[in-house]
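The basis for the numbers below is simple: all heavy atoms, side chains too, and nothing from hydrogens, waters or symmetry mates.
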Amino acid sequence: MRKLFKISNALLLLLTIMIVACDDLQDVKRPKPNSGVVEPTQLFILSEGLFNLNNSTLAQYNLKTQEVETDFFLKINKRGLGDTANDIAIYGSKIYVVVNVSSQIEILDLKTGVSLVQISMKNENDIAREPRYIDFHNGKAYVCSFDGTVAKIDTTSMLIEDYVQCGKNPDGICVANNKLYVSNSGGLSFPDYDNTVSVIDLSTFTEIKKITVARNPGKIHSDSEDDVYVITRGDYGATPYMLHKINSQTDELEESFADIQALNFTINNDTAYIYNYDFSTQTSWIKVFDCKTDKIIKDNFITDDADITTPYGIDVNPFNGDVYITDAKSFTVWGDVYCFNRDGKLRFKINEIGLNPNKVVFASP
């Protein structure tokens, strides 16, 4: 059963379809806006490829010239990125790529794209930890892994300093109120999913609480007031997805939004962009949610005739508020990236950027 649920995002979604039809002390909370941000001139677009095929890619797109290099990492480093890259982030002068099945963190120089180090994510018995997502705080990178741990990495030395144990198969991580919040999915323990979010005190790097939400929590982000929002994915069938809100002052579940059956989301400037995908009808919606009022403010974000087949990732340019949505299409062909302005009008589209594109980050090297 472990092999069935050992995961790339694309593998989980394909299974569902089959079932139902150098200043590294700069502290930037992703994906919150940074008041000192410089206008990005480049996009880096991560594509996870397909599970066990060792075909993840990292593309580069120049916003000024519209030039694209679909396999930027390979071109610069003369080797592949690895198997099933799940997350990418920029912090200080470096790019961090989390490669799940290869069980490594690839750290690149932001200006050149040259690999500085590969951090192996294996335990003392040489068993892969399977890293999943990353966030940052005060010069440290925090990486959650499917083995039930969070690693603390110093962003200057690029060395792992410590591990902390949390719940089963962590599948999301964010910083709020000087604490880490980690989604414990239990996704490798099907059908015995976890239903908690671990709270980790950053000063002691210890777990201080588990907050019960609902089955199979995943994507998790915080807003400007350090409220934490998390999606739970149920059993990918009868139990629906749901958005929840955690109060980081009390570390209690504050509200569950039963009418917002979301699959993925991001937050920018206290506005959440949320999408879902119905596998039985192969249809999707993208809504806009106000984190100040906890209300949906737009039921249909896209206001023109742009046709996204299978939304797979969603990110916001913190400089101008443009919303980027990746389209995985059938999960077996190269997908596209759509850029919309904040009013939901299509600005441009990047065709066939990679296999299962899942993340866009913004750079001004």
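Here Asp194 pairs with Thr196 under the side-chain hydrogen bond (donor to acceptor under 3.5 Å, both in side chains) rule; sequence neighbours left out. Every side chain to side chain contact (heavy atoms under 4.5 Å, CB included) that Glu161 has, sequence neighbours left out, goes to Lys140, Lys152, Asp154. For the side chain to side chain contact (heavy atoms under 4.5 Å, CB included) test, residues two or more places apart in sequence or in another chain that qualify with Asn264 are Lys219, Tyr275, Ile314. Applying the side-chain hydrogen bond (donor to acceptor under 3.5 Å, both in side chains) rule to Glu207 yields the partners Ser198, Lys210; only residues at least two apart in sequence or on another chain are considered. Partners of Lys245 by side-chain hydrogen bond (donor to acceptor under 3.5 Å, both in side chains), not counting sequence neighbours, listed by chain and number: Glu254, Asp294. A search for ring pair (Phe, Tyr, Trp, His ring centres under 6.0 Å) contacts involving Phe257 returns Phe289, not counting sequence neighbours. With sequence neighbours left out, the side chain to side chain contact (heavy atoms under 4.5 Å, CB included) criterion links Lys345 to Thr303, Asp304, Asn341.
For the residue pair Asp201 and Ser203, a side-chain donor N or O sits within less than 3.5 Å of a side-chain acceptor on the partner. The closest side-chain donor-acceptor pair between Ser330 and Thr332 falls under 3.5 angstrom.
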**Message:** Please evaluate residues Asn269 and Thr271 with respect to the criterion side-chain hydrogen bond (donor to acceptor under 3.5 Å, both in side chains), reporting the C-alpha separation (whole Å), side-chain torsions for both, the decisive distance (0.1 Å), and the verdict.
**Reply:** CA-CA 5 Å; Asn269 207 20; Thr271 299; 6.0 Å; no
**Prompt:** Checking side-chain hydrogen bond (donor to acceptor under 3.5 Å, both in side chains) for the pair Asp322/Asn320: CA distance, chi angles, key distance, verdict?
**Reply:** CA-CA 6 Å; Asp322 284 349; Asn320 61 12; 3.1 Å; yes
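The ring pair (Phe, Tyr, Trp, His ring centres under 6.0 Å) contacts involving residues 292-311 comprise Tyr273-Phe301, Phe301-Phe340, where partners must be two or more places apart or lie in separate chains.
A salt bridge is defined here as a Lys NZ or Arg NE, NH1 or NH2 lying under 4.0 Å from an Asp or Glu carboxylate O, and Glu48 with Lys359 fails to meet this definition. A salt bridge links Asp171 with Arg132: the closest approach of a Lys/Arg side-chain nitrogen to an acidic carboxylate oxygen falls below 4.0 angstrom.
Counted within 6.0 Å of CZ on Arg342, heavy atoms from surrounding residues, nucleotides or ligands total 12 or fewer; the atom is thus considered open.
Other residues sharing a hydrophobic cluster with Ile350 under the 4.5 Å side-chain heavy-atom criterion for ILVMFWY residues are Leu43, Ile45, Tyr61, Leu63, Val68, Tyr324, Val337, Phe348, Ile353, Val360, Phe362. Connectivity analysis of hydrophobic side chains (ILVMFWY, heavy atoms under 4.5 Å, direct or indirect) links Leu74 to nothing; its cluster partners are none. Cluster note: Leu159 groups with no other residue, as no ILVMFWY side-chain heavy atom lies under 4.5 Å from it. Within the hydrophobic cluster formed by Ile, Leu, Val, Met, Phe, Trp and Tyr side chains joined at under 4.5 Å, directly or through other members, Ile208 is accompanied by Tyr181, Val197, Val199, Ile211, Val213, Ile220, Val228, Val230, Ile246, Leu253.
For the pair Pro318/Asn268, a side-chain contact is recorded, criterion being any heavy-atom separation below 4.5 Å from C-beta on.
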